[in-house]
Peer 1: 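Next up is a structure, given as structure tokens.
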Number of protein chains: 2
Amino acid sequence: MTKISDVAKLAGVSTATVSRILSNPSWGKPETRENVLAAVKELRYKPNALARQLRTQETHTVIVITPNLSNDLFHKIIHSIEQEAAAHGYHVLVADAEGQPSVEEYYLNAIQQRQVDGIISISASAARHLLEKIADHYPLVLVVQSYEECNIPSVKIDNRAASEAITKHLIRIGHRKIAHITSSSDLLLYQERLSGYEKALRDGGIPVDPDLIYRGKGSMDGGFEQMNALLASGKKFDAVTCAGDTIAIGAIAALKARGIRVPQECAVTGFDDIEIAPYFDPPLTTIRQPAEQMGQIAFLKLFSMIKKEKKYDSPTYLPYELVIRKSCGHLL
Amino acid sequence: MTKISDVAKLAGVSTATVSRILSNPSWGKPETRENVLAAVKELRYKPNALARQLRTQETHTVIVITPNLSNDLFHKIIHSIEQEAAAHGYHVLVADAEGQPSVEEYYLNAIQQRQVDGIISISASAARHLLEKIADHYPLVLVVQSYEECNIPSVKIDNRAASEAITKHLIRIGHRKIAHITSSSDLLLYQERLSGYEKALRDGGIPVDPDLIYRGKGSMDGGFEQMNALLASGKKFDAVTCAGDTIAIGAIAALKARGIRVPQECAVTGFDDIEIAPYFDPPLTTIRQPAEQMGQIAFLKLFSMIKKEKKYDSPTYLPYELVIRKSCGHLL
DNA sequence: AAGGTTAATGTAATCGTTTACGTTATGAAT
DNA sequence: ATTCATAACGTAAACGATTACATTAACCTT
């Protein structure tokens with residue numbers, strides 16, 4: 001592998017000159033520039049990133065930690081982080097935390113070992129105090145969810161309000177016995193969605209019935225299983241709000257398997273507006289999160305922290321959108 | 001940040017001793033070990049990965065290049081690569097090539113700059129000669145697709161045979177006028193699937209009709225659009241094989257939108273067996289690729305190349321599985 | 001012509017490890 | 001007691017870049 005000293009030798013200059021010409025477009029006299037650049041081209045020189053990073057103490061790389069790779073919303077966000085990062089000359093390392101023994105360890109290792117300049121955590125699942133400790137020492141931004149009254153920079157929608165909105169829509173069009181299927185994970189975002197659901201019920205004068213709230217895996221399998229459990233319970237219900245589109249899809253499949261028509265006999269709503277939402281039968285009524293914006297803003301926040309422009313920041317709330325399709329039944 | 005010399009000072013030894021004790025469990029006398037390890041703990045020392053990598057000339061990191069992150073099959077593969085890599089003490093860097101101006105450049109940069117020890121390319125889209133040139137110099141493994149008679153190591157299923165099998169199934173249960181919707185990308189894998197479809201038709205004594213072959217985006221949107229085009233053409237058909245489950249989902253949505261019942265009036269098959277396949281209405285008949293195995297074997301191949309055990313290798317063909325669900329209609 | 005400013009470049013230290021090579025201590029073998 | 005092998009450890013040279021500091025050259029200014 002050719003190194004900078006090879007280039008320097010061929011161009012008849014010192015390594016310092018090569019380095020400067022390569023990193024500062026207005027440096028050196030034209031003749032020298034030409035020589036050096038010609039040598040670079042001839043030898044096909046590529047700077048060794050490790051050496052550079054070791055010396056400059058920055059990697060121009062950020063790590064994105066995601067609970068899994070199979071969530072459509074997550075990779076929309078990841079993709080937009082990558083776009084924005086590239087625009088600033090940064091690389092993105094994607095870490096799939098699924099199946100990782102200790103997410104916390106994962107978080108820290110990369111940055112402590114100086115392999116990345118900052119962390120973006122999508123839907124972080126670590127304990128609050130731990131995240132705060134990390135944020136105290138390193139640039140960290142949370143996306144999709146964050147803790148309340150916590151000064152770790154974050155970007156998200158108001159999950160509670162969104163969930164309330166979609167539930168209120170069901171009430172408005174005449175549903176009363178509304179169930180909720182959610183994930184049993186203890187992510188705050190699910191608690192917030194549950195809480196929005198409850199608020200909508202209370203505001204609509206409908207008592208919250210704990211027997212209509214089901215928790216399980218946050219996947220299609222999970223939705224399928226929980227809906228079967230709900231059906232098996234014998235409880236009556238005419239609508240279900242699900243805390244995610246994948247859950248909703250599993251739930252609808254379970255209803256259909258018993259010959260229950262959606263939305264005529266039971267309305268179902270999702271959350272996230274994943275790719276399949278409009279193509280499913282029936283198309284899902286859901287909440288759309290502004291994935292692109294979330295990723296973009298998350299990177300920009302992180303970037304300004306890396307550049308030491310600011311350390312803390314208030315959470316950014318972005319607008320969500322209630323997307324009404326057929327799975328919730330008739331509008332008024 | 002504490003460095004190795006801090007540890008050495010506190011433990012009263014040289015940096016060489018610290019380094020050796022940390023990397024070789026049977027080195028040094030017990031007393032020294034204890035001192036050093038105690039110092040490490042006290043100072044919370046974490047080795048600087050960059051410095052280590054610069055010195056050892058290996059990063060223990062491999063890069064996985066994927067055409068996009070939204071394909072369920074791809075992240076199953078990525079996930080299994082990560083699992084296997086972790087078991088060998090390697091990290092995985094995921095590169096989403098979508099929207100990248102030049103995938104080729106991407107391929108090379110990371111490895112030329114010595115940031116990774118090897119490359120796994122999922123469904124590579126680069127030109128053959130380019131891939132061969134890369135493989136000549138660096139460890140490279142292809143997954144999901146590869147070129148014929150090419151000695152770049154690869155892991156995949158026999159796409160042609162699988163496509164032939166699923167098409168033959170349609171013929172066996174009585175379909176004659178079978179269309180094919182595929183991606184307009186020039187990935188070999190789509191050509192192979194098309195070719196398997198054609199072979200099945202010919203073997204069944206059915207002429208291949210170019211007017212029944214449609215190409216578009218390989219997404220749900222694409223399937224929707226192509227099916228609409230097919231319908232608009234006025235051509236008669238009673239079944240459609242799609243080159244991917246997402247295409248099939250879009251296609252079915254388009255059929256339903258016109259009130260055409262699937263599979264009664266038109267059978268549809270997919271490819272890949274993504275998460276939603278069993279939950280869709282109707283559940284998709286499709287080809288399951290052994291994603292876990294593919295990822296695992298891909299990493300192992302790469303690993304042996306990195307360790308210089310072997311350079312070239314014949315492609316590994318793994319068994320696929322024809323998964324028959326309802327979207328193709330009655331079995332005999 | 002002397003002094004001063006600036007541009008162009010070189011020298012060598014530095015980032016934080018690992019490791020080849022050298023030295024000393026220890027103990028076994030003769 | 002001498003020799004020899006081996007274990008334990010230290011010294012210092014890498015790895016390949018960037019950059020503080022020093023130097024020289026060139027060009028003004030008066």
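So that the names make sense, note that chain A is the first sequence line, chain B the second, and so on, each numbered from 1. Heavy-atom basis, side chains included; hydrogens, waters and symmetry copies ignored.
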Peer 1: Rounded to whole Å, how long is the line connecting atom CD1 of B:I4 with atom P of C:dT17?
Peer 2: 6 Å
Peer 1: Specify the residue among B:R33 and B:Q57 whose closest nucleotide of DNA chain D lies further upstream toward the 5′ end.
Peer 2: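 The answer here is B:R33.
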Peer 1: Answer yes or no: side-chain N or O of B:R20 and base N or O of D:dG10 forming a donor-acceptor pair under 3.5 Å.
Peer 2: yes
Peer 1: Once you round it to whole Å, what is the distance between P of C:dG16 and NZ of B:K3?
Peer 2: 4 Å
Peer 1: Report yes if the distance between the aromatic ring centroids of A:H75 and B:H75 is under 6.0 Å, otherwise no.
Peer 2: yes
Peer 1: Is it true that, when you exclude B:Q113 itself, more than 12 heavy atoms of the residues, nucleotides or ligands shown sit nearer than 6.0 Å to its CD?
Peer 2: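 Enclosed: over 12 neighbouring heavy atoms sit under 6.0 Å from CD of B:Q113.
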Peer 1: Can you figure out which of C:dG10, C:dT17, C:dT18 approaches the side chain of A:A16 most closely?
Peer 2: C:dG10
Peer 1: May I have the distance from B:H60 (atom NE2) to C:dT18 (atom C1'), rounded to whole angstrom?
Peer 2: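 My rounded result for the distance is 13 Å.
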Peer 1: Can you tell me if the side-chain N/O atoms of B:Q113 get under 4.0 Å from OP1 or OP2 in D:dG16?
Peer 2: no
Peer 1: Whole-Å distance between C:dC15 P and A:Q115 CD?
Peer 2: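 Going from A:Q115 (CD) to C:dC15 (P), I get 20 Å.
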Peer 1: Closer than 4.0 Å, any side-chain N/O of B:S5 to the OP1 or OP2 of C:dG16?
Peer 2: no
Peer 1: Give the rounded distance in Å between these two atoms: CD1 of A:I21 and C1' of C:dA7.
Peer 2: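 In whole Å, C:dA7 C1' and A:I21 CD1 are 13 Å from each other.
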Peer 1: Can you find a side chain N or O atom of B:T17 that sits less than 4.0 Å from OP1 or OP2 on D:dG10?
Peer 2: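 Indeed, a polar side-chain atom of B:T17 lies that close.
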Peer 1: A:Q115 vs B:Q53, test: side chain to side chain donor-acceptor pair (under 3.5 Å). Steps then yes/no.
Peer 2: CA-CA 11 Å; A:Q115 305 214 70; B:Q53 290 167 10; 3.1 Å; yes
Peer 1: Between D:dC15 atom P and B:L50 atom CG, what is the distance in whole Å?
Peer 2: 18 Å
Peer 1: State whether the number of non-hydrogen atoms from other residues, nucleotides or ligands found under 6.0 Å of B:Q191 atom CD is greater than 12.
Peer 2: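 Buried by this count: over 12 neighbours within 6.0 Å.
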Peer 1: So what does A:T56 touch, heavy atoms closer than 4.0 Å: a base, only the sugar-phosphate, or nothing?
Peer 2: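 Sugar-phosphate only.
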Peer 1: May I ask you to verify if any side-chain N or O of A:T32 is less than 4.0 angstrom from the OP1 or OP2 atom of C:dT9?
Peer 2: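 For C:dT9, OP1 or OP2 has a side-chain N or O of A:T32 closer than 4.0 Å.
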Peer 1: Here's a test of your reading of the structure: between B:S26 and A:R52, which maps to the more 5' nucleotide of DNA chain D?
Peer 2: B:S26
Peer 1: What is the separation between atom CH2 on B:W27 and atom P on C:dA20, rounded to the nearest whole Å?
Peer 2: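 The distance from CH2 of B:W27 to P of C:dA20 comes to 14 Å, rounded to the nearest Å.
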Peer 1: Would you state whether a donor and an acceptor, one from the side chain of A:R55 and one from the base of D:dT18, lie under 3.5 Å apart?
Peer 2: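 Such a pair is found, so the answer is yes.
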Peer 1: Nearest whole angstrom, please: distance from the P of D:dG16 to the CD of B:Q53.
Peer 2: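 Rounded to the whole Å, the gap is 14 Å.
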Peer 1: Consider the side chain of B:S19, meaning its heavy atoms from C-beta on, and name the nucleotide among C:dT17, C:dT11, C:dT18 that approaches it most closely.
Peer 2: C:dT18
Peer 1: Is there side-chain contact between A:K156 and A:V144, with at least one heavy-atom pair below 4.5 Å?
Peer 2: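 When only atoms from C-beta onward are counted, A:V144 and A:K156 do not touch, as no gap falls below 4.5 Å.
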